[in-house]
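Everything numeric here is computed off the predicted structure, so don't read it as measured data. Throughout, a chain's letter reflects where its sequence line sits, starting with A, and its residues are numbered from 1.
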Protein chains: 2
Amino acid sequence: MAEGLQPQMGQSLLFLTDEQLRKGIEAMFFAYRGFTADPDRILAQKSYGRAHHRAIHFIHRSPGTTVNNLLSILGVTKQSLNRVLRTLIEDGLVASTVGKKDKRERHLHLTPLGAALERELSDAQRDRMRAAYRAAGPAAVAGFRQVLEAMMDDEARHHYEAMKDRPE
Amino acid sequence: MAEGLQPQMGQSLLFLTDEQLRKGIEAMFFAYRGFTADPDRILAQKSYGRAHHRAIHFIHRSPGTTVNNLLSILGVTKQSLNRVLRTLIEDGLVASTVGKKDKRERHLHLTPLGAALERELSDAQRDRMRAAYRAAGPAAVAGFRQVLEAMMDDEARHHYEAMKDRPE
DNA sequence: TTGGAATGTCAACAAAGCTGACGTATTGTG
DNA sequence: CACAATACGTCAGCTTTGTTGACATTCCAA
């Protein structure tokens, strides 16, 4: 039966075979490890972890964001985020200011110190990303982004698109 | 200066801007969460974790693999892997047999029970992958794979390619 | 003024990684 | 043969990062 189907499929559907899907799964696993390796090395020296990196990244990306908003972007519990945020505030990397309109909210910003670490981390991560982009070329990059977007949950895609194409 | 460079770049290098690279970084973050979400839900019910999934996946993929080989694929310490492997063996999902040629080695196989869980997990993960592939199309999938491969560490790429295009 | 939303904090716990040390087979080598 | 190296397992202890649940505070809005 499998032999009978194969020739009918044509090559247009060959990328949907179990084997191709499994290779995609493995590619995600191995690539994600590379993706986090460089920042992880920097973070380990400063006794921070990936959770700190994520908080710093998205605070940089959305300056003045509230704790609740950051919570829904990161998809963790407030207790988990709070622990990370507390150390970043204590260490002077993040500033937390009471909201003007709604004083319950805290608005988060990177301090100059925090911005420096953000730059160090994202430089390292972008170096690898740049090398991968350059090696693969623009067409591959477009496909890469398309597949990743299609892989996201609706909520994640919403956050992702909300941050799309911001001016630097 | 930035304004001066922009027109000279041409659109062929537009995918290497900081903004594009940052979007790639965020796409990886959000997509990876989606990528693991479905198996995670199944695993949580059975009180297993992602580490168990990874072990099961690669034992399925390379039946009879040794502990050492699995170790280098997964990139964790033997203590960490051992904890996971022990529960899988105790629960009857994985069989460990003494090597014939080298009796120090243990060869790992999935039992029928282990194979059933593997199928359940990979079905869930492949469903999402298939949907993403279908939505993005064959050309995008090729680019996706290219970029991910370029993002891997050399050692990871080696493992990845060693498992390439196995017959099912 | 009272209910609910946003925030913060305490405690307890689990998954999954790490280091270091040690024991036991087994194998390869001088 | 003797000894070093390899493969594996295990004990103990620690870290990061996630989870629940409970509870207090502050503040907005009906």
Measure from NZ on A/K100 to P on D/dT26 and round the result to the nearest Å.
22 Å
Report the C-alpha distance between A/H57 and B/E26 in whole Å, list the side-chain angles of each, state the deciding distance to 0.1 Å, and finish with yes or no for side chain to side chain donor-acceptor pair (under 3.5 Å).
CA-CA 9 Å; A/H57 175 99; B/E26 281 157 12; 2.7 Å; yes
What is the distance, to the nearest angstrom, from the NE2 atom on A/H52 to the P atom on D/dG18?
10 Å
Rounding to a whole Å, what distance do you find between A/L70:CG and D/dG18:P?
12 Å
N or O in side chain of B/R54 less than 4.0 angstrom from C/dG17 OP1/OP2
yes
What are the atom names and distances for every N/O pair under 3.5 Å that joins the protein to nucleotides 5-9 of chain D?
from: D/dT6; atom 1: O2; to: B/R104; atom 2: NH1; distance (Å): 2.7
from: D/dA7; atom 1: OP2; to: B/N68; atom 2: ND2; distance (Å): 3.1
from: D/dC8; atom 1: OP1; to: B/V67; atom 2: N; distance (Å): 3.4
from: D/dC8; atom 1: OP1; to: B/R106; atom 2: N; distance (Å): 3.3
from: D/dC8; atom 1: OP2; to: B/N68; atom 2: N; distance (Å): 2.8
from: D/dC8; atom 1: OP2; to: B/N68; atom 2: OD1; distance (Å): 3.3
from: D/dC8; atom 1: N4; to: B/K78; atom 2: NZ; distance (Å): 3.1
from: D/dG9; atom 1: N7; to: B/K78; atom 2: NZ; distance (Å): 3.4
from: D/dG9; atom 1: O6; to: B/K78; atom 2: NZ; distance (Å): 2.2

Without decimals, in angstroms, what is the distance between A/R83 CZ and D/dT19 P?
9 Å
Using 30° and 60° as the class boundaries, would you call the ring planes of B/H52 and B/Y48 parallel, tilted or perpendicular?
tilted
What's B/R50 touching, base or sugar-phosphate or nothing? Going by heavy atoms closer than 4.0 Å.
sugar-phosphate
What is the distance from NZ of A/K101 to C1' of C/dA5, rounded to the nearest Å?
14 Å
So, B/R106 versus B/T66: side-chain donor-acceptor pair below 3.5 Å or not?
no
Rounded to the Å, how far apart are B/I56 CD1 and C/dA16 P?
11 Å
Specify the closest pair of heavy atoms between A/G49 and A/L43, including all atoms of both residues, with the distance to one decimal.
O-CD1, 3.6 Å
Looking at the side chain of A/Q79, which of C/dC10, C/dA16, D/dG18 is the nearest nucleotide?
C/dC10
Interatomic distance, B/D40 CG vs C/dA16 C1' [rounded to whole Å]
13 Å
Options D/dT17, D/dC27, C/dA16, nucleotide nearest the side-chain atoms of A/K103
D/dC27
B/F15 six-ring centre to B/K23 NZ/CZ under 6.0 Å and within 45° of normal
no
Please check if the distance between the ring centroids of B/F29 and A/F58 is under 6.0 Å.
yes
Closest heavy-atom pair, B/D91 versus B/L113, reported as atoms and distance to 0.1 Å, is O-CD2, 3.8 Å
Below 4.0 angstrom from OP1 or OP2 of C/dG17, is there any side-chain N or O of B/T77?
no
